[in-house]
Amino acid sequence: MKFNLTNKDLQSKARAGIVSTDHGDILTPIFMPVGTAGTVKAVHQRELKDDIKAHIILGNTYHLYLRPGLKIIEKAGGLHKFNGWDKPILTDSGGYQVYSLSGTRKIKEEGVVFQSHIDGSRHTFSPEYVMDIERTIGADIMMAFDECTPYPCEYDYAKKSLDITHRWLDRCIERYKTTECPYGYSQTLFPIVQGSVYKDLRIKSAEYIASKNMGGNAIGGLSVGEPAEMMYEMTELVCDILPADKPRYLMGVGTPTNILECIALGIDMFDCVMPTRNGRNGMLFTSQGIINIKNEKWKEDLSPIDENGTSYVDSFYSKAYLRHLFSSNEILGLQIASIHNLAFYVWLVGEARKHIIEGDFLSWKNKMVKQVSTRL
RNA sequence: GGGGAGGUACCAGAGCGGUCAAAUGGGGCAGACUGUAAAUCUGUUGGCGCAGCCUUCGGAGGUUCGAAUCCUCCUCUCCCCA
């Protein structure tokens, strides 16, 4: 994997670049749709590629390991072959599940003992094992195994957690360096900065991660319930420390506003379940603002879903029709909302990139933040 | 014509003398959702001058300190027999 930083905004810390992988290029800033179980929920690969124009999608180590399991993925020749996505894939390590499934796991120095949310069976994820799993899944970008701390989080716990995440990182790197992709292309490991909302911990972590000199770096443990201002503060602090010549990935963020603000702070890559999950729950993000398509006000509105939208569903279907689909619990509604939202997210970061290159990013961003956060 | 069952909030349906403005489900309305245990979850659903009051359980009258609940008549619906 290579990163070519092509443009720097003069009025903010925003940048544009190209991440090159063996499965193709990723133009940054980029939004990466989340495909936890090897599928971006409710969206076909063809729509993902041709309509939404996603450059890269996510998969999840924990979920794929439990189901369908490594055997079948290996037999298929990796996740790309298994799900038919021949562009780049990034796998989250399961560190987020250490946080979200906290009721069914135990953290030890060796690793994390999990209980499967599916059948209750016990499994152990060590940093080494997670690297092996991610090798088998075959993602172009593999995430280090970390602990995503909750919010709020006591300083002492955050510090302890950070230290273990760092020790796990060393073990991840060691395993990463002594193994290779079973399918013949290259895979890159991204370490993850933690430290909750504590400046000194974030600085310490960012410096540690920077010193590892990996192909790209991630910021985790944010957007877990802390105020947005706190998230921006931590993001900026960390971005200023992480090397400029490596892509920076802010994990799990966020709303369109969050993304625009964090691009301005120097983030290159984002992922979030919001466009898909909230879409399935009736929330549409548009350049003019946020729509809850289930609301009665759209009942007789036969105008297009999004007049300015780039996806074919935006002009092909009306708001009233989409509302009808949601009211009737029709599966197509989930598909349309997911396609629309993903296309909007990808369009939004693409526009950001365009304005960074053209040099008027900041004014465009400020105008856009107001628009996209409006409630329609 | 004879016999029986029943009419409860938007719908279905519990309640059968006071703790009932009325369970529960559906529907309606609104909100939440940030490296996905989510086609999920939460709230609300008679009115108002809202810690209280007013009007509601087919209609009218009655019994009672007190009625959606008991009695009388009326009315409508459904089922069985002829």
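Owing to the predicted nature of the structure, the values given are computational and were not obtained by experimental measurement.
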Could you give the [atom1]-to-[atom2] distance, from [X] to [N], as a whole number of Å?
| X | N | atom1 | atom2 | value |
| --- | --- | --- | --- | --- |
| A:E296 | B:rG27 | CD | P | 16 Å |
| A:E226 | B:rC33 | CD | P | 13 Å |
| A:W298 | B:rA30 | CH2 | C1' | 15 Å |
| A:N295 | B:rA30 | CG | P | 4 Å |
| A:K294 | B:rU44 | NZ | C1' | 15 Å |
| A:I291 | B:rG31 | CD1 | C1' | 17 Å |
| A:L334 | B:rU36 | CG | P | 19 Å |
| A:K41 | B:rA37 | NZ | P | 8 Å |

Are [Y] and [X] an aromatic pair, judged by ring center distance below 6.0 Å?
| X | Y | answer |
| --- | --- | --- |
| A:F114 | A:H123 | no |
| A:H117 | A:H63 | yes |
| A:Y155 | A:Y198 | yes |
| A:Y345 | A:F285 | yes |

For the side chain of [X], starting at C-beta, report the closest nucleotide among [options].
| X | options | value |
| --- | --- | --- |
| A:S223 | B:rA39, B:rA37, B:rU34 | B:rU34 |
| A:T104 | B:rG35, B:rU40, B:rA37 | B:rA37 |
| A:N281 | B:rU40, B:rG35, B:rA38 | B:rU40 |

Taking for A:R375 and for A:K299 the nucleotide of RNA chain B with the nearest heavy atom, the one nearer the 5' end belongs to A:K299
Here's a test of your reading of the structure: between A:G95 and A:N329, which maps to the more 5' nucleotide of RNA chain B? A:G95
Indicate, with a heavy-atom threshold strictly under 4.0 Å, whether [X] touches base, sugar-phosphate, or nothing.
| X | value |
| --- | --- |
| A:E147 | nothing |
| A:L58 | sugar-phosphate |
| A:R323 | sugar-phosphate |
| A:G333 | nothing |

Identify whether the distance between the nearest side-chain nitrogen and carboxylate oxygen of A:D132 and A:R175 falls below 4.0 Å. yes
Between the side chains of A:D360 and A:K354, is the shortest nitrogen-to-carboxylate-oxygen separation below 4.0 Å, so that they form an ion pair? no
Below the 4.0 Å mark, does B:rG35 have OP1 or OP2 next to a side-chain nitrogen or oxygen of A:Q97? no
Examine the base of B:rG35 for any acceptor or donor lying under 3.5 Å from a partner atom in the side chain of A:D146, and report the outcome as yes or no. yes
Contact check, residues 239-278 of chain A vs RNA chain B, heavy-atom distance under 4.0 Å, returns A:M251, A:G252, A:V253, A:G254, A:T255, A:N258, A:D271, A:C272, A:V273, A:M274, A:T276, A:R277, A:N278
A:L70 side chain reached by A:Y65 side chain, heavy atoms, under 4.5 Å: yes
When you compare B:rU8 with B:rA21, how far apart are their C1' atoms, in angstrom units rounded to a whole number? 12 Å
With sequence neighbours excluded, what pairs up with A:K13 under the salt bridge (Lys or Arg N to Asp or Glu O under 4.0 Å) test? A:E236, A:D240
